[in-house]
Amino acid sequence: MNALVELRNVSVTFRSPWFAPAPEVHAVNDVTLTLRRGERLGLVGESGSGKSTLGRTLLRLIQPTTGRVRVGGQDPFQLRGADLLAFRRRVQVVFQDNAASLDPRMTVGEAIREGLDIHRIGTPAQRRARVEEMLDRVGLDPAYAQRYPHTLSGGQRQRVNIARALALDPQILVADEPVSALDVSIQAQILELLDRLHADLHLTLLFISHDLAVIRELCDRVAVMYQGRVVETGPTEQVFAAPTDDYTQLLLASVPEPAPLAAPLVRAATA
Amino acid sequence: MLARSQPPVWFEAGSWDHPLGTDNLGRDLASRSLYGIRTSFGIASLGLIFSAVLGIALGVIAGLGGPWVDRAIMTVVDVFITLPNLLLLLCGIALLGSEIWVLIVMIGLVRWEAYARLVRGQVLTIREQGYVEASRALGGGMVRVALRHVLPNLASPLVVILTLSFPGVLLMEAGLSFLGVGVQPPTASLGRMIGDGRDYLVNAWWIAGMPSIVIVMITLLFQLIGDSLRDRIDVRADG
């Protein structure tokens, strides 16, 4: 058991400002979760279940109120300076909103190069070569480096976001609903790309989604979140075949089945 | 001294020697207006740049610096907004004297809060964008976010706002000079010229009238430029 990421009893509570005495929000409530090296863990749940907040905690973008985060044995929240930069290289992210994730004033090439610039990796020529290499890897023509994000389609933009995240050669990729904003045929292409990159680059993937079909296709293991808690974890096929938790059963039952089930209803309605 | 208070050329008594007429001391209004534009533009642009730099810097710091910095800066902004501009200007000039650099600094000090407020609002929006979060995840610090993401995305709305507010600053300088606390004689500025002509409004209205027309035209020109800039930039932002 080689746990690369360890979340132990992590809770995130959003405090309301002092002038608005609203109740506190427990976005993430006592979550314990591990990610093994090279694993693809699917984090599934309805909107507001805290899955994105949990992802941001792993990215060190949101500080947990209580609990412990370990990435490769280190607590990212204790890191400063060069150690923190090293952590940033190891853990990268792709967000849902492919358009908002790219600065409209930066070309695709500049966006992909941003991580290299921040970490001062390589000479300008090497960075340019790396940008071309990454574009090639995500299946885009190197000429796209000169273009601005608004001239690209949603699927192409998401490929750029993936290229930017992977330019630093991370170990762990958090994919926060990366295909939810795309239409189905493009979804399949991006999932296939993620699958291939996972194999080629030995990535450890935390894949956040509300879409069970997508998780089932890509992930080795699933964690189901409901109201800030992880209610069930297990290998994908096991969870899908024999869910033990009530909420998971409900979630699986709510997925519309194709024709066979719907057909009698349609017939009944038209009779 | 024969050419004192000579009317503009399109009047019977006018001549092509002085197309816009002369003032009570026989000075040519056309050439004085041109020189006045230079003085007024200089003061207005430097004042605008000073206030813009101050306002943008404080707005960005307020937007990115966290809740306490934000609250401190915005409190100062609120105080400045409640102070009457003219009173502040007159106090400053009374204390520091009516030299040109004092005018520039004081104009900067009464204008900056508007930019700070605007910039802070924009920064709060930009800060929540995915690309800022992605930049932080890549390891980018606040300075990088401010310089590489926030300022470039602020640039186009700012250019429009600054262009549109230039006439206001110009009028502020003109108003002060008209009151006699701005540019001191014999230096020509548009407001000064209007102030000088005030006493001759009945007999020789053009002494105040010609520089007024110049101010109106400049103001209108900048409004038009600002409007068309805005139209262009909006198209690009939507694209």
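All values below were derived from every heavy atom in this structure, side-chain atoms included, with hydrogens, water molecules and symmetry-related copies excluded. Order of the sequence lines sets the chain letters (A, B, ...), proteins ahead of strands, with each chain counted from 1.
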#### Entry: Nearest non-hydrogen partners of B/A137 and A/R88, listed with the distance
O-CD, 3.2 Å
### Max heavy-atom pair count under 4.5 Å with chain B, selected residue of A/N161, A/V174, A/D103
A/D103
### Task
Identify the heavy atoms of B/G139 and A/L85 that sit nearest to each other, and give their distance.
O-CD2, 3.8 Å
### Message
Walk me through whether A/R56 and B/E133 qualify under salt bridge (Lys or Arg N to Asp or Glu O under 4.0 Å).
### Response
CA-CA 10 Å; A/R56 282 173 169 74; B/E133 203 166 20; 2.6 Å; yes
### Message
I'd like to know which of A/A165, A/G115, A/P170 tops the heavy-atom pair count under 4.5 Å against chain B.
### Response
A/G115
### Interface moiety of A/V91 toward chain B, non-hydrogen atoms closer than 4.5 Å
backbone
#### Entry: Which atoms of A/Q92 approach chain B - backbone, side chain, both or neither, heavy atom under 4.5 Å
side chain
### Summary
Separation between CD (A/E110) and CZ (B/R148), nearest 0.5 Å, reads 5.5 Å
#### Entry: Evaluation steps, side chain to side chain contact (heavy atoms under 4.5 Å, CB included), between B/R136 and A/L59
CA-CA 10 Å; B/R136 284 175 60 208; A/L59 287 161; over 6 Å; no
### Query
With a 4.5 angstrom heavy-atom cut-off, which part of B/S156 approaches chain A: side chain, backbone, both or neither?
side chain
### Query
A/R89, A/R164, A/R60: which one forms the most heavy-atom pairs within less than 4.5 Å of chain B?
A/R164
### Message
Measuring from atom CG of A/L168 to atom CG of B/L138, what distance do you get when rounded to the nearest 0.5 angstrom?
### Response
6.0 Å
#### Entry: Per-residue contact mode, A/D97 against chain B (heavy atom under 4.5 angstrom)
neither
### Message
Heavy-atom count check: over 12 atoms from other residues, nucleotides or ligands less than 6.0 Å from B/Y35 OH?
### Response
no
### Task
Supply the atom-to-atom distance A/R105 CZ to B/L151 CG, rounded to the nearest 0.5 angstrom.
12.0 Å
### Message
Under a 4.5 Å cutoff for heavy-atom pairs, which residue among A/L84, A/V93, A/L102, A/V94 has the most contacts with chain B?
### Response
A/L102
## Note on the structure
Tightest non-hydrogen contact, residues A/F95 and B/A134, listed as CE1-N, 3.8 Å
